[in-house]
Every structure is written in C-alpha cells, then in structure tokens.
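Chain identifiers are assigned alphabetically (A, B, ...) following the order of the sequence lines, protein sequences preceding nucleic acid strands; residue numbering begins at 1 within each chain. Nothing here was measured: the structure is a model prediction, and the numbers come from that model. As a basis for the values below, the full set of heavy atoms in this structure was taken, side chains included, without hydrogen atoms, waters or symmetry mates.
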Number of protein chains: 2
Amino acid sequence: MVTLASEMFAVAPALGKASLSAAQARLLTGKARWLHAACAAGFPTVPTIAITRRGWLALKTADATLRGHWVATLLRLVGRDQKAPELVVRTSARAHRAGLSPARLALTPPTSEAEAVDPRHPLSLAITEVFETLAGEPDDLVIVQAMAGSRMHSFLIRDPQTGAMGPAEDGARSLPDSARELCELMDGLAGTNLNCTVTVEGDIVRLVSARRAESSAAAELEAAVDRVARGSWTRRDAVRGIDPLRLQQLLHPRLKSPDSRTALTSGLGVSPGAASGVIVFTAEDAARMHARGRHCILVVTETGPTDIEGMKAATGILTARGGMTSHAGVVARITGKPCVAGVRSLSIDPANLTCRIGERTFKAGERITIDGTDGVIYAGALPLSQPHIGGAMKQLLSWSDASRAIAVRANAETLEAVNTALSFGCEGIGLARSEHMFFSRERMVALRRMILSENPEDREKALNGLVDFQSADYAAIFAAMRGKPVTVRLFDPPLHEFLPRTDEDIEETAQSLGLGVQALRRRLDRIAESNPMLGHRGVRLAITYPEILKMQIEALAAGVRAASAHQSEPVTLEIMVPFVSTVSEVVEIKRQTFAILDQARLPAPARERLSFGTMIELPRAALRAAEIAEHVEFFSFGTNDLTQTTYGLSRDDAPAFLAVYQRKGIYEFDPFVTLDQKGVGELISRAIEDGRRANPNLKIGICGEHAGDPASLHYFATLDVDYVSCSPYRVPVARLTLAQ
Amino acid sequence: MVTLASEMFAVAPALGKASLSAAQARLLTGKARWLHAACAAGFPTVPTIAITRRGWLALKTADATLRGHWVATLLRLVGRDQKAPELVVRTSARAHRAGLSPARLALTPPTSEAEAVDPRHPLSLAITEVFETLAGEPDDLVIVQAMAGSRMHSFLIRDPQTGAMGPAEDGARSLPDSARELCELMDGLAGTNLNCTVTVEGDIVRLVSARRAESSAAAELEAAVDRVARGSWTRRDAVRGIDPLRLQQLLHPRLKSPDSRTALTSGLGVSPGAASGVIVFTAEDAARMHARGRHCILVVTETGPTDIEGMKAATGILTARGGMTSHAGVVARITGKPCVAGVRSLSIDPANLTCRIGERTFKAGERITIDGTDGVIYAGALPLSQPHIGGAMKQLLSWSDASRAIAVRANAETLEAVNTALSFGCEGIGLARSEHMFFSRERMVALRRMILSENPEDREKALNGLVDFQSADYAAIFAAMRGKPVTVRLFDPPLHEFLPRTDEDIEETAQSLGLGVQALRRRLDRIAESNPMLGHRGVRLAITYPEILKMQIEALAAGVRAASAHQSEPVTLEIMVPFVSTVSEVVEIKRQTFAILDQARLPAPARERLSFGTMIELPRAALRAAEIAEHVEFFSFGTNDLTQTTYGLSRDDAPAFLAVYQRKGIYEFDPFVTLDQKGVGELISRAIEDGRRANPNLKIGICGEHAGDPASLHYFATLDVDYVSCSPYRVPVARLTLAQ
C-alpha cells in the first residue's frame, strides 16, 4: 500500500514546498518535472499534483487508506483561502507526441472523499480519458492543477533560431521582468529549450506548464556556449550537449522548412545540402545558366566525365541512376554540390526537353528544389538557409579538441577541399585519392589515354603528360598543410568511372586519341568489366603496370621537393596502397616504391618523416593483418569497400532493395551510413588487434564515409584508432563526436 | 672416414649379393634403386656399383683407407673369370630430366689403385663429367657398371596406353619369357611403369638399366587394379596410387598430344575437354552444321541466352570475353561442351565472316581445335581421344568409397546432368541451381517476363508460367535420385546473365513481352546494375519479391508430391537460401517457406526428411555463423562467391591480371582453382567451428568449383565437413581424393 500511495503526490503544492522521496523524484517526467523544479527553486508555480497510471488504477479498487491519501493529495491544491479551486487535468509525458489529450479545463472539484473517487465525477472522467491518450507509455503521468488566472502567455525560454535568452514569442508583448528570470532559471535547470505557459497578474508571473521545444542547430550551439558563460554548464556539458549530426546541418545550405505538400519523390541523398534552381538537361545549358548568374539543377540519367564542367556550373545535381559511389556522387561531394541520385521514378525525354519526376512532368526551365541530405525532391523553389560557422561553433570545437584523443583528418585532394578542411580544423589529410585529381576535362583526356593504351610505350607517353599535373597539385597540397600529415592513396580508378560511355563522349575521346571510333569501341569492349568494383583496380594496376606506379612516386617526390623549397616545416607524406588482398602485393609495391624514392633526392627531414602503409578494405586483408602489419607503418581501414565486400553488396546497386530491407526490418540501419559492428566491425577490431600484436608501432586510421557518422565514430573510439578521416564538411562532426 | 667409405658401394655385385647398410639403402635413387631391387630378388643384373658426390669429392683428397675402399668397390664388378671388364658410367637421378649425361660406354678399367683415383684416367673423367650434369641435386648418384653384351633391348614393363603387362616395345620382337618375368617382378617392386634396358644372350635376360616411364591415365588405372589382382598392392595402395587429377582426364575428350607448333594463343579454360571443328560465327550456322552431322566451334565475342540452342549444337565454344561465371562458361559446363573464354587476342569481323586468333586470321569453315582444360587454341583438327570409363575405374572408385567418410554430391539441375552424376556415383545433389533450369529459349522468355515485370500483378502472371516447368523438372530429378538428398538453391540470377543484350535480342524480347523496343530499353536501363555480382540477387530477390519465393516453394512441393506418388523412397529435399549476409534474412525466408509448406500437403515421410539451410558465401555470413546456425539445419559453403568477396576479385574480370600475378609470384596459385586456406579457409573453418558450437547437429557441405579440386579437397577433409558437391564430371575425382 505504501508504494501505491507514493504514486500520487504534490509536485508543486499550494502551500509550502513539495518533499518528494527519491522514488517519487524518479517518477517525475514532462511538465511535472519542470513544474517541480521551478517550484523547488522558489519560482511562483500553479499548484500541481501528479498521479501515475498504476496509482490511478489502484484507486478504483483499493481500500480506505489509499482513497484517503488521494483526497489528502488533492487538498494540497487548496491555498490559504481554503477555497477549493476549479481544476485542470493535463498530460505529463516524457516526450511530446501527436494524439495527446489537450488540457481539460474548469473541472468542478470533488466535495467529498466519495466524489473524489467516483468514476463518474468530471474529475475522474477527465483523468481516465487523459490516461487513455497516453496509452502504452508506462512512465507518463497525469497532473491535476488548480485553475490559474485568465491572462495566459506562452513563450520559449530561448529564441529557437538564434539561441538568445528569451522570453521569445511570436507577438511583441511586454512581460514583467520575472518572465526573463523564469527563462534564465529554467534554462539552467533544463539545459534545453522549453516552451513555458505562464499566468501574469501584475508583476507576478506564475508557471503553469512547460514542455521541451525544438531549436535550430545554430540556436542550440549558441545556447550551449552561453550556458557555459553563465556557469550553468561546464565545457564538458556543452560538448556533450550538442548532437553532432545537427552540427552537420550548419555546414551546408538547407531547407528552412521541408514542405511535404510539394515533395515529389525521393532518391538517394549522395551529397548533402539543399539546392533550388531551374531544370536543365545538359551540361551546356548548365554552363549557360551559370554564366547568366542563375541557379540551375542538372537533371540527367547519369553523369560521366564530360559532364564535369556542367556539374560545376550547376547548383545541384539530380540523376536517375547511380548511388554513393557513382560518378555523380563522387564529383558532387568533391565539389560540394548537393546531389540526389538513383531516383527510380525519374525519366527524361531529351527530344521534348521534359522529364517526369514521380507523378509530375516538368519542362526545362521550371523550378525544383532538391535536398541532398535526405534525398527528397520538391516542386518549386523552397526557401533555403545558408551555412554559417559562427563563433559559437569555433568555441565549442576548441573545447572539444581538449578532450579528444583521436585525431581528425579529412579526405581531400583538391586545394579547395584541403583549404575547406583546414578551416574546419582538420589535423591532416587522411585520404588523398590521386585518381580524383583528374576530374577535369583536360586531365580526363590524359587519364583516358593512359587507361586505354595497349602497350608500355604508349602508356609511358600518356603518363608523362600526367606527371606535371600531379606534382604541381601535390606541391600545393603539401604547402597548404604546412607539415601536417598527408596520406596519398595510390591510383585506384574503377574503370567504369573513367571511361567514355555516351556516343558523343566516345567520339570525342577517339578524336583526342587519334583513333577511329570503331577502334576505340573495340578497345573499350576489351577492357569492359562485368563487376568493375571487383576488377582491375587499386594495387592490381600498380602490379600489372609498374610504369603507373613509377609515375606516381616520381610525381609525389617532385611535389615534396617543390613544397620543401619554400617552407620550413618538413613535408609529412604517407604513401598508401589501395585494394590489397595479399601481403605479397604490399611487399612488391614497397620494394618498387623505395627503389624509386632512393633515387628521388628527397630533403632529409621529409625522407625521415615519410611512411608507407596500406588500406585495409577487403576481408582478406583484414584476415591477414598480422602478416601485412610487419611490412607497413600504418593501416587505414576503407570502410566503404570493406562493407561492400563483407556484405557482398554494391553500394550503387543497393538502393533497388535497401528501402524494402529497412521497411521489413531486415536491416536495422543502412550499413553504408552506420558501420555494421557485428560483421564489418568484427573484421576491423580483429585486424587492429592482430596488426598491433605483430607491429606495436602500427598507426591505425579509418577513412570512408563512416568516419563522419557519429554512431560509427563512437564505435571507432572503442577500437583505439589513432585517427579518422572524413569529408571536409564532416570534420567538425567528427571533432565533436570524438570528444563526447 | 667410415661414413664416407659407406658412400661407395656395390649395388649389384658381379658375385654374391649386395649387403647394404640402412644408410646405404636410403641413398639408393633412380637406376641404382631398381638394379639393386632386381638383383636382390635374384634376377640377373649387370654388375653395378654406385658412388655419391660427397664420396667422389672425398676420394680426391682422402687417405689411403678410402682409396682402398674405392678399389675394393670397383673390384666387385669383376666376375668369376677374374677379368676386369670394360666399364660404363651412368647417372642415377631421382627423377629423369633434360640435360643429364648419356651413358659413357667402353671405358678402360683402371689397372692399379693409383689409376683408380687418377683424375685424368678415363673412368675418373667420365664420373666427374657425369656428376657435373647432375649439378645441384645432392642425392643423385653415379653408377659404374661392367660393360654388358651387345644385344640390347629396351621395353616398358606395362603398355603405356592400356596398362597391360609387358614387355611392351615399339617393334614386335620376340624376347625370352624371362623378360615377362622381369616385367612382373619390377611392376611388383616399383608400383609404377618403368622403361627397362636389358641384354639378351640366348634365354638369359640381364637388367642393365631402368627408369620411370609415363603412362596414360587409363593405363595407370588398369595397372593399379591389376596389381591388386596380382597381390602386389593392397586396395588401399591402389586408391593412394592414382592421382585424382589424372582420373579427370578420362572423363572428357582430350588431345592425344598437344602440338605446340599449331598453338595459336590461349584463354581461360572454363569447361573442360577438347573439341575440334569448323569455325562458325552464329548460332544459326552452328545449328546448320549440327544438322549436317559436322563438328563446329562457335566463335563469338560473348554468348547470351539466345545463343543457347547454338551452343548446344556446337561441339565447342570459344569467346573473346567472359570467364568462369560468364554465360558461356556456365552453359558450357552444364551441357558438357568444351569452352575457352576470355581470349583477349580474339576479334571477330562479322561482316567479312573472319576472325583473328592470336596472330592469324581465319575464315568461317576453317578448322580449329580448342582445349577447354588448359585454354589453349590450335589451328587445324588435332586428334582427340574419347572418354572411356572402364571397369578399372569402377573398381577403384568402389574401393575408394570404403575408406571415405565424407559424402560426394553433385551440382546438377537438369535430368541429363543428374543421370551423369549418378552414373559417376554421386550420393546426392548438393546444389541444384533453380535459375539454371531456364537455360532454354522458351523458358528464358518466361523468366525474362518475370524479371522485367514492374508490379506484383505482372510478376505473378509471369510466375504462373514458370511453376509448371519447375514442378515437372523437380519431380523428374527427385524420381531419378530415388530418395537420395537433393539440395535446391532458391533462385539466384545475377541479372546481367539473364537479360537481353544485343539489339536483335532486345527486339525479340520486346515482341514477346508485347512492349515497344524503346519501353523495354528504358526498363533495362532502370534495372541495369553496375556490379551485378554484388547486386539484387539471391535472398534479396526473395525478400523484395515474396511472390517469387512463393512460386518456387509451391513448385518444389508439387514436385515432391508428384515424385512421391510413383516411388517408395521418400523424397529428401533440402531447401537452401543463397547469398545471405544477415540472420534476419534467414529467419524471414524460413518463416515464409514453412508457412507455404504447411499448406502444401506434402507426404509425411517427405515432410519429415525436408530440411532448411543456407549458403555461406559472403564474409559476413561466415562471421555471423553462430547466430545463423541456430535457425538452420545445414550450411553449404559457396566457395566461388566467398573467394570473390574475400579477395574483392571478380572471377570474370580477374583474367586481365591473373596471369601477371602468377608470373610475378604475387599469387602462388589461382584462388578460383585451389582454395585459399589462409584467407577464405580461415573464414570457413571459423564458421564451421562457430556454427557447430551453436548447433551441434549442423550439417556442413561445400559446393563450388573447389569441391572438385584435389588440393582443396584435402583441405576440406581436415575441416570435418559432411559432404562436398562438385560438377558431375568431378564426382569420381572427389570420391578418389577423399579416400586418400
């Protein structure tokens, strides 16, 4: 009986203070929690009692003692005037949700113990009905309050857009000063934005109700830093108080408010941020729009290397085919363009310059908006908010750096991306994809010539054309990084991403190679692969075509020499071999690499700092980690490819069934977004253990999209890695997550 | 000094018998070994002594005792007549090889101890020179013999083609009966074919020399069985005495003798056996040739489903593209046609009806020969020998079954293949690939309709057309197997193998679907995959399209009912889920499968024997084996796909660099031929251990090409598997290997 009696209690009594047992304090949820806190802090509060579902059910059958306890609890709503007030019944739910009962107002108070427990009495009816709307949640409460005065106000304790201290409300009303006091008080107590309802009588503000309120990511950030300034939070509280994924939102343009009425369909968000503009169907039209200063969305079935200029000119990219690793996705992320790919319901009629998106048809020049974060496409131009990296973010990130043991690097290979990453506080480049340096029209020609050459002499000629590009790029990156480590991954082009596909494209390539179209088609046929993701790529190219390896190492060495000539910080170059499956590959590439480096006249400090390592991105490499570790200075786990091969799942092709898989609960999460700890993680953790046992000095990094995902980052932190490397825009996310 | 003295000794003294120490017996190699054995058995033998390299070198510097010992050894060549014979010096090498010195004949014997060790004496010069040709092999000997009579004969102790007891020699000479005695004696002693040289004087045959000789696989088999009949071998000796890979040669037509002069180039041997015929470039021409009873080789860039009739009509298939798992490879192996694929130097000019193979141009109608075992292509028609499965093979295999604990099943899904497998002694079907049942023109239409349908209704209609085909097929297979287990793998069509590709093919498919060509192309575009091997296949199809699963289970149940109606042995059906990566997939398919089976009115004995299991062919499935094992009755390791994903290596695309990899020693072996124990094997052995720990009754099988490879089979035997399943033609190989 004692426990049931304890489940009905005063939260904020009309007279005196509430004295709750520890068990009762644990029962406080929702409004009851905030009302009790305000009352306990001495702030005027509408008299309030609370009852649990268990307590309420027990009352119907229980003995006199319990009934007496309920009447005694109700009596705590009665003030000095001894008049029984009209009553209000409200939910007090752990989280606000749809379908909850609104407040039941102006209920006549029961006048006797019999009335207090009579199920037909208006108060009982109201409590029972309100509990019904709370169905299923065992720890939600119902509160009963003394009816408050008539002049009611609702406001947020902080501005939901800026985070400035409130009261913040739609109209511009003048509230007594104590409203601001309430805001400051509740902000300190709750550490989150609240929507408060109060009554105002003269200067007296009295709290009636409070519930959690949403704020923008920017506002949360400002509030967190402000709380530290006010002393209500420690720096550590601030670092832990921000959801890293919300930080992410601040780093790209985004929709002010998603509008489900204009949503057309959705695809795969492969490059984050939102973009609005007129529809164009060709790279040329995109360039034309760009020249006129107009925003446009390039809408195509898929993109290929000749579309690069058009993609750079477009504000956003929308493709019917492809996924994360498609050409469109890769280029969009590098150039920072929002991109939605793999939109199955998109079809384009190039002859009539129209396209179908979902159920609607659009003409060239009509406006659409795409959200590359969640993949949704909208008709019309929706309002966007531009990214803003204010002082608060800087402040928070600098606090987070103090409590972080794992370094954060960036995946970048253009000077622009490197500078972005540096501005976001990266501590090195963890993955410079050397083949990505060729994503421009002129260089693509040179690269294709190399891929399509059929003998070592032709290949060597084509390669000579590439060295100069590369060494200048490397020199610029090394200079920008001023001695911070730069991990360069040797050439890893899955062929299908680099070869011409459309008729037009093939014609142009043939011309640039001085080949007939037919002859080129035959060559393309010959090197076509049925599963390019598992094909002749990565270290396999370096083994079969040593001249490619030679070109790269020489270009790297030239870059190191050039950068060293102009700066005092020694260049820290880390050479990384991709797509390794056997130790013999590592040994062979290492031998060749150092044979070339020994001739390369590197400055002594750069030579000393230079290290050699390997990607671990295939299950076999993970299984043979001990053996491989003896020959390298670092491992970098390529979690994208490791996930693809461990699951036997092509990221580009997965969208065809991933949605069904998630809907049916076969996958709890998308393994390309959040690392699969049970399978892929098992391989990684074992490889780290085996690798470190064989080579205690082994440095461990993670590169791949997962390095920017908070859930995955928390897991990586348990694996004792030395650094993670993510896309530049995710660097702040990683810095914050790893500090938590 | 004692040990050096023991390294020069009489092998077959002129008088009396040789008495060798155990250490000396161990030194016997090559001719010395056979001469000693014959002499010890009492057969007349030319007097022979032997000396090791160490012994010979020591003589030059050693003291009087050793010299004396050498002279004493030489004296054992002197017969009753006390006349020092002319001498012969020969090699006695462990294995015959190129570059060995021929016999040095008619050497004057030394007449004194000084002469015996004089390095300029003809005998010393001969011994030194002969040792030089033996360079590098420490355990080869030199023998010195008394010069034998002039009438010399050489013969094999068994016929190298038939294995019949000899003497077998080119000319038809009449030799004394004791030559046959020598054959029988040496056969019993050596257990291998030997080439013997003898002198004949009257009826006296005297052994001069003997060395190992090659026999055909058929001859080896006959000889092994004959030795058991003669009592010189146990059955166990016979089973161990045959190389399983040689057995394999007996099961396909093969080249009588490969002719390097006519070899044009080589590709990937993807379906074993040799074939000769005229070149045709189209399926129609192949059918025409076949109708006229002429052998032809279908030469194409790649094959697709519409080529199936042509492939069946052709004697052999040659393609420029593709590999083991290409359409050509798969169909060729099923239909038992020799096939060479992935011939990079093959290009076809369809307009002029010519093709280039390697450096030569051929017209339609010219003859070529292909060897699908090693991938070599020859100009002209080379002589072939046809397969012959004699009584000896049957006998040997039945002995091998007695000492074998692991069952051998076959991968088969057509009645023809099932009957072949049964005739080779399979103990069940370990892998019936249900999608392969559609490799015929009519069925392919139905299958494509299903794959290309865009909503459940269309799909259901298309599926209805498939059920009848399947249930009749299943009924026939179950009936043929008479109660032996049949593992049916649920539908697993990598899309690219089943969709139309050529213009002509697309037109025809469009017509059969009642679609416009443009509309079909759009659909094809929509479902095209960039990496079909890692795409929407296997269990993923069954999850996303439950109607496909339903059709299959119903067809299986109908097949079981039909077969059960006509036979007393209960059907033993094992349903197997392909391409699983998570336990949730297994649970979902199991739930649906048994829901359908519960309505399927299976005969009780068949229902009791029915079991449910999963392929383990992805690294993640292997890593989660413990969890999966709780829900299934068996695992079957699909080593082909497991190798592809563990290495990140597409079998179809690997030929582009595999040759370089093997040449450079990066791979010691082709991991698609011999299982990689260190990586893939690690996953398998761990999964077996984890699976059995979670479910002690778990049955373990291996299916995949590796189950027909002796080296891999020896490894599987150490893993304690219950059965292996290989292609029908490999069943005898597996039976024999697992007995060894």
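- In this structure, the side chains of T646(B) and T645(A) stay at 4.5 Å or more apart for every pair of heavy atoms.
- A salt bridge between R651(A) and E529(B) is absent, with no side-chain N of the basic residue lying under 4.0 Å from a carboxylate O of the acidic one.
- When all heavy atoms of Y647(A) and L618(B) are compared, the pair lying nearest together is O-CD1, 3.3 Å.
- In terms of heavy-atom pairs under 4.5 Å with chain A, the best-connected choice from S584(B), P619(B), A621(B), A320(B) is P619(B).
- The structure places CZ of R663(B) at 10.0 Å from OG1 of T544(A), a figure rounded to the nearest 0.5 Å.
- Note that NE2 of H536(A) and CG of L658(B) are 10.5 Å apart. Values are rounded to the nearest 0.5 Å.
- With contacts defined as side-chain heavy-atom distances shorter than 4.5 Å, the pair V680(A)/R620(B) does not qualify.
- When heavy atoms are compared at a cutoff of 4.5 Å, D641(A) does not approach chain B at all.
- Considering only heavy-atom pairs separated by less than 4.5 Å from chain A, the leading option among G322(B), S581(B), G679(B), S650(B) is S650(B).
- In this structure, R686(A) CZ and L623(B) CG are separated by 8.0 Å, a value rounded to the nearest 0.5 Å.
- Only the side chain of R321(A) comes within contact range of chain B, with at least one heavy atom under 4.5 Å from a heavy atom of that chain.
- Around atom CD of E630(A), more than 12 heavy atoms belonging to other residues, nucleotides or ligands sit under 6.0 Å away.
- If you tally non-hydrogen atom pairs under 4.5 Å between each of E585(A), E627(A), E617(A) and chain B, the highest count goes to E585(A).
- Sparse packing is recorded around NZ of K550(B), with 12 or fewer heavy atoms of other residues, nucleotides or ligands lying under 6.0 Å away.
- Residue Y661(B) holds its OH atom at 6.5 Å from OG1 of T582(A), rounded to the nearest 0.5 Å.
- Across all non-hydrogen atoms, the minimal contact from R624(B) to K678(A) is NH1-O, 3.2 Å.
- With a threshold of 4.5 angstrom between heavy atoms, V539(B) approaches chain A through its backbone and through its side chain.
- Within the 4.5 angstrom heavy-atom criterion, no atom of V586(A) approaches chain B.
- Atom CD of E668(B) has 12 or fewer heavy atoms from other residues, nucleotides or ligands within 6.0 Å.
- Listed here is the closest heavy atom pair of P546(B) and K664(A): CG-NZ, 3.6 Å.
- Using a 4.5 Å heavy-atom threshold, the side chains of I543(A) and F657(B) count as separate.
- Looking only at distances, no side-chain donor or acceptor of D653(A) sits under 3.5 Å from a matching main-chain atom of L534(B).
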